[in-house]
Amino acid sequence: MSLADTAVAGVPPHAGPAVRRIALGVAYRGDAYHGWQSQPSGRTVQDHLESALSQFAAMPVQTVCAGRTDTGVHGLNQVVHLDTPLHREPFSWVRGTNRYLPPDIAVQWSREVPASFHARNSARGRRYCYMLLESPVRPAIERGGVGWVFRPLDGEAMRRAAACLIGEHDFSSFRSAECQALSPIKRMDRIAIERRGAYWRFEFEAVAFLHHMVRNLMGCLVAVGTGTRPAGWMAEVLAARSRDAAAPTFAPDGLYFLGPNYDAELDLPRHTPAMDWLP
């Protein structure tokens, strides 16, 4: 029986060491990694995190995340949970694990949570942000951290286009061929589009997202923003329920997983310092 099975099954203390469930918030730049999920190459965020946790704990550690990210996508508050018999103060999990992590991955916070908590299944929603640079010149300092468009964008047109996406819909037109979700029907709760100087900030909040869904939405929003398509075209794409109807998938560079939403009684942090760093 694994540690996770022991915690869920409620095995009494005399059967072995008491198992604690620990939640961690993790921030990372995705440029150098092949996404979140562990792969044989070992070049993923999960592989590096679990290696660091195992070194700190001096025993194998496995994690479960709130939502997987793709190659090149960044995370500002990725939440994971792990089960362990060790007793460590919360700051020890943060500082001890970060000692073994590369500079572009860092644990932000730690909390002990009930055994019933599950990083993925307990999430009530998820939040993403896409940062887009509007400039005739490609990004340099912020390369890898923003998407780029050299044509002027019409914010009002993009907001009108986004309005039809709010609510529960079949998002098949924005789903990648590799998506493993059981259903394309998702509920979009919020889309916010703001300009901050030369940068556009797009925020998406939904119960759950399909594979490449935000990047495919961005491709369509940019097509509307640049005048390539009218605002009403977005509703046509949504109704088509076909990936062929939508614009090409947009670059991963400017996409950030802001993190999941949980019940307030869990008192898990929703904010990390890097969120203040974004425009």
* **Sequence neighbours excluded, every pair satisfying ring pair (Phe, Tyr, Trp, His ring centres under 6.0 Å) that has a member inside residues 24-51** => Y28-W36, Y33-H48
* Nonpolar side-chain network containing L268, other nodes, edges under 4.5 Å -> V79, W109, V113, F117, Y262, L266
Could you go through residues 139-146 and list every donor-acceptor pair under 3.5 Å that involves a side-chain atom there, pairing it with any protein atom two or more places apart or in another chain?
unit_1	atom_1	unit_2	atom_2	d
E142	OE1	A140	N	3.3
E142	OE2	Y199	OH	2.6

* Does CZ in R68 sit with more than 12 non-hydrogen atoms of other residues, nucleotides or ligands closer than 6.0 Å? -> no
* In the hydrophobic clustering that connects Ile, Leu, Val, Met, Phe, Trp and Tyr at side-chain heavy-atom distances below 4.5 Å, which members other than I185 occupy its cluster, ordered by chain and number? -> none
* Are M158 and V214 connected in a single hydrophobic cluster, I mean Ile/Leu/Val/Met/Phe/Trp/Tyr linked by side-chain heavy atoms less than 4.5 Å apart? -> yes
* Asked: Is the count of non-hydrogen atoms from other residues, nucleotides or ligands lying under 6.0 Å from R111 atom CZ greater than 12?
  -> yes
* Asked: Is there a side-chain contact between H211 and D70 (heavy atoms, below 4.5 Å)?
  -> yes
* **Members sharing L182's hydrophobic cluster (side chains within less than 4.5 Å)** => none
Using atom types as modelled, flag every donor-acceptor pair under 3.5 Å from a side chain in residues 85-93 to any protein atom, sequence neighbours excluded.
none

* Structure fact -> A27 meets the side-chain contact (heavy atoms from CB on, under 4.5 Å) criterion, sequence neighbours left out, with Q108
* In chain order, what residues pass the side-chain contact (heavy atoms from CB on, under 4.5 Å) check against R196, with sequence neighbours excluded? -> E194, R201
Distance-only donor-acceptor pairs under 3.5 Å for side chains of residues 51-66, two or more places apart:
unit_1	atom_1	unit_2	atom_2	d
S51	OG	Q55	NE2	3.4
S54	OG	E50	O	2.7
S54	OG	V61	N	3.0
Q55	NE2	S51	O	3.4
T63	OG1	E50	OE2	2.9

* To do: Check for a donor-acceptor pair, side chain of R43 on one end and backbone N or O of A32 on the other, with a separation under 3.5 Å.
  => yes
* Asked: Once the angle between the rings of H81 and H118 is folded into 0 to 90°, is it parallel (under 30°), tilted (30 to 60°) or perpendicular (over 60°)?
  -> perpendicular
* Asked: Any donor-acceptor pair under 3.5 Å linking the side chain of D170 with the backbone of S172?
  -> yes
* Structure fact -> Contacts of F171 meeting ring-ring contact (aromatic ring centres under 6.0 Å, His included) (sequence neighbours excluded), chain-then-number -> H169
* Give a yes or no on whether W200 and Y256 share a hydrophobic cluster (residues Ile, Leu, Val, Met, Phe, Trp, Tyr; joining criterion: side-chain heavy atoms under 4.5 Å apart). => no
* Contacts of E205 that satisfy side chain to side chain donor-acceptor pair (under 3.5 Å) - sequence neighbours left out -> N261
* Asked: Residues two or more places apart in sequence or in another chain: which of them pass ring-ring contact (aromatic ring centres under 6.0 Å, His included) with Y128?
  -> F209, F257
* With the 4.5 Å side-chain cut-off for hydrophobic clustering, are L278 and M218 part of the same group? -> no
* Which heavy atom in W233 sits nearest to a heavy atom in A247, and how many Å separate them? -> CH2-N, 3.9 Å
